[in-house]
Amino acid sequence: MASHFIRDIIIEDQKTGKNGGRVLTRFPPEPNGYLHVGHAKSIHLNFGLAREFGGRCNLRFDDTNPEKEETEYVESIIADVKWLGGDFGGSIFYASDYFQQLYDWAAQLIRDGKAYVCDLTPDQVRQQRGTLTEPGQESPYRNRSAEENLGLFARMRAGEFPDGSRTLRAKIDMASKNLNLRDPIMYRILHAEHHRTGNAWPIYPMYDYAHGQSDSIEGITHSICTLEFEDHRPLYDWFVEQLGIHHPQQIEFDRLNLTYTMMSKRKLLKLVQDKYVNGWDDPRMPTISGMRRRGYTPEALRNFCSKLGVSKTAGTTELALLEYCVREDLNKRALRVMGVLYPLRVVIDNYPEDLVEQMEAVNNPEDAGAGTRTVPFSKVLYIERDDFREDPPKQFFRLSPGREVRLRYGYFITCTGVVKDAAGEVIEVHCTYDPATRGGNAPDGRKVKSTIHWVSADHAIDSEVRLYETLFTKEDPNDVHEGHDFTDNLNPQSLTVITAKLEPSLAGAAPGSRYQFERMGYFTVDKGSTAANLAFNRTVTLKDTWAKIEQKMPDQKKPEKKPK
RNA sequence: UGGGAGGUCGUCUAACGGUAAGACUGCGGCCUCUGGAGCCGCGUAUCGGGGUUCGAAUCCCUGCCUCCCAGCCA
């Protein structure tokens, strides 16, 4: 596989002996939501680099804002990183474990005249920050003495002041072209309960002050983050330099954007809170837990991340690549079964009334070791509605009046007639079978153009099946008109729940197991599925060549939209 | 009209002064007891304009376009 600029930097560092050849990266999520596929890219990068260069990658929670963070999130993040194969060696780091050290360092900066307590209100701070084109104004509190600052900072820490009344600011340059350097706030007063430190601290460090120092404490060599932090790097460097501590190198790369997918944690939270989806692990969500529940494998996700590459070009990857990776992996490992999603009754008129034959079926043509199983065959079957057309278009090879097709692992059957309901809809198809074609081959060598799947009506088991489409109808969910938001682009068809007829071998299938319903797609048993109430989630469809042909047919009568 | 970072097939990514390559998508075909998988093939790209050079995606100049930044979020 081709290299990328971050790997090249590390290779160069090892050549020059920087960091003594050590490689220590970190994956630093804030526990304010569930991890999504964008995080998977970062996990793959950071843990991958560590493994490749014989180093380590720390899992560290950037938990410096108690108002948005919860233990539920840290637990889900740990589980997701593990599931993806991130090896953090059992130890977990928290920025909140460094609160005391960070506080001591802040005091040092105050003593050095590089930080001061500012009494401006949030509003005043904003006004004095200046704009993109105009410099800011210096705070009137900028030149307090070190003693006064130390005293005030200690009282802030002691909880003597109300929220928002004071801040600790770095004394840098209010005229800097880089707004991050205009006396950035290091600490704010927040009388909020932290999920780990409880009420021990009434002040909390800001990201810019906490992140680099946390990296430094851990001895991180390469601090890899996304592009939007490029403007923060000068500040990152400033703090570690003023403090005279280990200086990790911050490197920025492009975050993942995917078509039909939204990556903003804030918006994903809204989808959950406003119940547009059923929780963070709804299979339509781009979260790791949602994808897991959807049936994606860690291997598929890792392979996807490999194919993505790493660069500084902010682009958008097509969802098709992810789906390709999922199919590629599942094709090799998923056991084949037969399941009919939208059943149509078929009666084989010349088949004995109460005969049941056990037909042998291959479990996975891609894996000889997967063996075979047996599927019951009888006089009355179900086939897929889409596999029968009374008036077939030109290139339709499946069942239609007078035509012979093969029932997978069964017999050749020929359609002899249909039964319709009062509305004129076909509700039953009558066929004859050729007993000589048992197992699916004709001794006389005659061919059929199509093979369709089926289940025996008497033996089939019912199962809830959830069919998923993209959560959004637009490639860019944020593409909306004035006054609208991304929820306007939600796809009303993103979830369809049906009751399907499945072959009996699926009775009691274990949650999390994955199958290919032949000709239909890959499905996984939902985590809430039981023997009494089976439930499958569709992971991804198979590529559907026929659907493409049909799409291109110049306006011939297409089958009506599936019943919902 | 400030600062920062970027612009290579439709998409993502290579090529590091020497034949613009791969993957996904798309389109053909072969094969097939899954219209799946597999196999074979086809197509389309260096943002524009100058320059340096035997030779430029790569170096220089210039123009254009895109993304990020004015939280006491991360």
Side-chain angles (χ1 to χ4, degrees), chain A residues 1-4 8 28-30 32 62-65 67-69 118 120-122 125-127 129-136 163-169 176-182 184-190 203-204 206-208 210-211 225-234 252 254 256 259 265-266 307-325 327-328 331-332 336 338 361-362 365-366 395-398 406-410 412 437 439-441 447-453 516-521 541-549:
Chain A
M1 196 192 56
S3 191
H4 54 72
D8 292 343
E30 182 191 11
N32 66 342
D62 229 337
D63 54 350
T64 56
N65 183 1
E67 297 188 309
K68 291 184 176 174
E69 298 157 5
C118 178
L120 256 23
T121 65
V125 169
R126 189 182 324 117
Q127 277 161 19
R129 186 157 28 228
T131 67
L132 292 177
T133 53
E134 298 159 325
D163 288 3
S165 60
R166 286 184 165 85
T167 57
L168 182 71
R169 295 229 254 165
S176 174
K177 303 278 191 194
N178 184 340
L179 307 220
N180 294 123
L181 264 21
R182 317 239 266 228
I185 291 170
M186 295 166 61
Y187 274 90
R188 75 280 214 184
I189 299 172
L190 227 48
I203 57 173
Y204 291 90
M206 298 287 290
Y207 165 85
D208 283 308
H211 200 91
C225 60
T226 44
L227 253 24
E228 67 269 27
F229 291 102
E230 277 173 327
D231 285 344
H232 295 247
R233 182 162 18 104
E252 310 85 13
D254 62 325
L256 171 67
T259 55
K265 269 202 227 171
R266 198 199 105 236
K307 287 181 187 298
L308 244 29
V310 178
S311 74
K312 291 174 79 87
T313 319
T316 302
T317 297
E318 288 174 345
L319 186 61
L321 181 63
L322 210 210
E323 297 193 328
Y324 167 83
C325 291
R327 289 190 185 104
E328 183 190 42
N331 177 51
K332 287 178 294 191
R336 271 59 169 176
M338 291 196 284
V362 174
E366 305 290 322
Q395 298 164 85
F396 185 88
F397 302 145
R398 282 113 91 145
R406 172 168 40 232
L407 293 174
R408 180 95 159 140
Y409 302 123
F412 283 13
T437 58
N441 286 301
K447 304 287 187 195
V448 288
K449 294 201 83 167
S450 179
T451 299
I452 64 178
H453 61 280
Q516 181 197 102
F517 289 5
E518 291 212 36
R519 304 206 306 134
M520 303 309 291
T541 60
L542 253 28
K543 286 214 303 198
D544 191 345
T545 304
W546 165 242
K548 252 179 218 172
I549 295 170

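Proteins come first, then strands; the chains are lettered A, B, ... in the order of their sequence lines, and each starts at number 1. Hydrogens, waters and symmetry mates are skipped; everything else that's a heavy atom, side chains included, is used.
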**OP:** Verify the contact: side-chain N or O of A:Thr64 to OP1 or OP2 of B:A74, cut-off strictly under 4.0 Å; return yes or no.
**Re:** yes
**OP:** To the nearest 0.5 Å, tell me how far A:Thr259 OG1 sits from A:Glu318 CD.
**Re:** 6.0 Å
**OP:** May I ask you to decide if A:Asn178's main-chain N or O and A:Ser176's side chain share a donor-acceptor pair within less than 3.5 Å?
**Re:** yes
**OP:** Pull up the glycosidic torsion of B:G41 and say syn or anti, syn being anything within 90° of 0.
**Re:** anti
Original post:
Can you tell which of B:G35, B:A74, B:C72 lies closest to the side chain of A:Pro122?
Top reply: B:C72
Original post:
Counting N and O atoms only, with roles assigned by atom type, does the side chain of A:Arg336 sit under 3.5 Å from a partner on the main chain of A:Glu518, one being a donor and the other an acceptor?
Top reply: no
Subject >> Interatomic distance, A:Lys543 NZ vs B:G38 C1' [rounded to whole Å] >> reply: 11 Å
Original post:
Across the strands shown, which category fits A:Phe517 at heavy-atom distances under 4.0 angstrom: base, sugar-phosphate, nothing?
Top reply: nothing
Original post:
Rounded to the nearest 0.5 Å, how far apart are CG of A:Leu179 and CG of A:Asp231?
Top reply: 8.0 Å
**OP:** Tell me whether the OP1 or OP2 atom of B:A74 has a side-chain N or O from A:Arg188 closer than 4.0 Å.
**Re:** yes
Original post:
Pairs counted as Watson-Crick or G-U wobble with both distances under 3.5 Å: what dot-bracket string results for RNA chain B, using | for bases tied to another strand?
Top reply: .((((((..((((....[..)))).(((((.......)))))....(((((..]....))))))))))).....
Original post:
So what does A:Met206 hit on the nucleic acid, given a heavy-atom distance under 4.0 Å: a base, only sugar-phosphate, or nothing?
Top reply: sugar-phosphate
Subject >> Gap between atom OG1 of A:Thr226 and atom CG of A:Leu256 - 0.5 Å precision >> reply: 11.5 Å
Original post:
Hey, which of these two, A:Gly440 or A:Gly309, hits RNA chain B nearer its 5' end, going by closest nucleotide?
Top reply: A:Gly309
**OP:** Output yes when at least one side-chain N/O atom of A:Arg182 is less than 4.0 Å from OP1 or OP2 of B:C69, else no.
**Re:** no
Subject >> Minimum-distance nucleotide (side-chain atoms of A:Thr313 versus B:G6, B:G35, B:G36) >> reply: B:G6
Subject >> Step-by-step salt bridge (Lys or Arg N to Asp or Glu O under 4.0 Å) determination, A:Glu30 to A:Lys68 >> reply: CA-CA 9 Å; A:Glu30 182 191 11; A:Lys68 291 184 176 174; over 6 Å; no
**OP:** Remember a base hit wins even if backbone is also touched, and classify A:Tyr204 as base, sugar-phosphate or nothing at under 4.0 Å, heavy atoms.
**Re:** nothing
Subject >> d(CG, A:Asn180; C1', B:G71) in whole Å >> reply: 11 Å
**OP:** Mind checking A:Glu518 for me? I need base, sugar-phosphate or nothing, with any heavy atom below 4.0 Å counting as a touch.
**Re:** base
**OP:** With heavy atoms under 4.0 Å as the rule, sort A:Leu120 into base, sugar-phosphate or nothing.
**Re:** base
Original post:
Roughly how many Å is it from CG in A:Asp63 to C1' in B:A74, rounded to a whole number?
Top reply: 12 Å
Subject >> Distance-only donor-acceptor test, A:Glu318 side-chain atoms vs B:G10 base atoms, 3.5 Å >> reply: yes
**OP:** Can you tell me the distance, in whole Å, between the CD atom of A:Glu366 and the C1' atom of B:U32?
**Re:** 12 Å
**OP:** Give a yes/no verdict on base stacking between B:G35 and A:Trp546: centres under 5.5 Å, planes within less than 30° of parallel.
**Re:** yes
Original post:
For A:Thr316, which contact category applies under a 4.0 Å heavy-atom criterion: base, sugar-phosphate, or nothing?
Top reply: sugar-phosphate
Original post:
How does protein contact run along nucleotides 39-48 of chain B, one letter per nucleotide 5' to 3', with B for base contact, S for sugar-phosphate only, - for none, heavy atoms under 4.0 Å?
Top reply: ----------
Original post:
Between A:Leu322 (CG) and B:C12 (C1'), how many Å, whole number?
Top reply: 13 Å
Original post:
Contact class for A:Arg266 vs. all strands (heavy atom < 4.0 Å): base, sugar-phosphate, or nothing?
Top reply: nothing
Original post:
Which is true for A:Val310 with a 4.0 Å heavy-atom rule: it touches a base, it touches only sugar-phosphate, or it touches nothing?
Top reply: sugar-phosphate
Subject >> Residue A:Thr317, side-chain atoms from C-beta onward, closest of B:C12, B:A74, B:G36 >> reply: B:C12
Original post:
Which residue lies toward the 5' end of RNA chain B, A:Lys177 or A:Tyr187, if each is placed at its nearest nucleotide?
Top reply: A:Lys177
Subject >> Donor-acceptor under 3.5 Å (A:Glu69 side chain, A:Asn65 main chain) >> reply: yes
**OP:** For the pair A:His211 and A:Tyr207, name the ring-plane relationship: parallel under 30°, tilted 30 to 60°, perpendicular over 60°.
**Re:** tilted
**OP:** Can you figure out which of B:G36, B:C24, B:A70 approaches the side chain of A:Tyr324 most closely?
**Re:** B:C24
Original post:
Looking at the side chain of A:Arg519, which of B:A70, B:C24, B:G35 is the nearest nucleotide?
Top reply: B:G35
**OP:** Mind checking A:Phe229 for me? I need base, sugar-phosphate or nothing, with any heavy atom below 4.0 Å counting as a touch.
**Re:** base
**OP:** Run the numbers on A:Leu542 and A:Arg327 for side-chain contact (heavy atoms from CB on, under 4.5 Å), then give the verdict.
**Re:** CA-CA 8 Å; A:Leu542 253 28; A:Arg327 289 190 185 104; 5.5 Å; no
**OP:** Name the nucleic acid region contacted by A:Gln395, choosing base, sugar-phosphate or nothing; use a 4.0 angstrom heavy-atom cut-off, strictly under.
**Re:** base
Original post:
Is there a side-chain polar atom (N or O) of A:Lys312 under 4.0 Å from OP1 or OP2 of B:G4?
Top reply: no
Subject >> Nucleotide nearest A:Glu230 when distance is taken to its side chain, options B:A74, B:G4, B:A37 >> reply: B:G4
Original post:
To the nearest 0.5 Å, how far apart are CE in A:Met206 and OG1 in A:Thr167?
Top reply: 9.5 Å
**OP:** Quickly work out the A:Leu227 CG to B:U66 P distance and round it to whole Å.
**Re:** 17 Å
Original post:
Under 3.5 Å, is there an N or O donor on one side and an acceptor on the other linking the side chain of A:Asn178 and the base of B:G3?
Top reply: no
Subject >> Selection from B:A14, B:C24, B:A37 that lies nearest to any side-chain heavy atom of A:Asn331 >> reply: B:A37
**OP:** Name the closest nucleotide to the A:Leu179 side chain, picking from B:C24, B:C68, B:A70.
**Re:** B:A70
**OP:** Send over the distance from A:Glu323 CD to B:U25 P, rounded to a whole Å.
**Re:** 10 Å
Original post:
Say you draw a straight line from CG of A:Leu322 to OG1 of A:Thr317; how long is it, rounded to the nearest 0.5 Å?
Top reply: 9.0 Å
**OP:** May I ask you to verify whether the side chain of A:Glu252 and the base of B:G4 hold a donor-acceptor pair under 3.5 Å?
**Re:** no
Original post:
A:Arg233 near the nucleic acid: base, sugar-phosphate alone, or nothing, with a heavy-atom cut-off under 4.0 Å?
Top reply: nothing
**OP:** Whole angstrom is fine here: how far is it from CG in A:Leu132 over to C1' in B:C67?
**Re:** 14 Å
Original post:
Say you draw a straight line from CZ of A:Arg519 to OG of A:Ser450; how long is it, rounded to the nearest 0.5 Å?
Top reply: 5.5 Å
Subject >> Between B:C31 and B:U66 - C1' atom distance, rounded Å >> reply: 45 Å
**OP:** Could you work out which one of B:G35, B:A14, B:C68 sits closest to the side chain of A:Thr451?
**Re:** B:G35
**OP:** Please work out if A:Pro365 contacts a base, only the sugar-phosphate, or nothing of the nucleic acid, heavy-atom cut-off 4.0 Å.
**Re:** base
Original post:
Is A:Leu308 touching bases, backbone alone, or none of the nucleic acid, heavy atoms closer than 4.0 Å?
Top reply: sugar-phosphate
Original post:
Touch check for A:Ile549, heavy atoms < 4.0 angstrom, all strands: base, sugar-phosphate only, or nothing?
Top reply: base
**OP:** State which of B:C27, B:A74, B:U34 makes the closest approach to the side chain of A:Gln516.
**Re:** B:U34
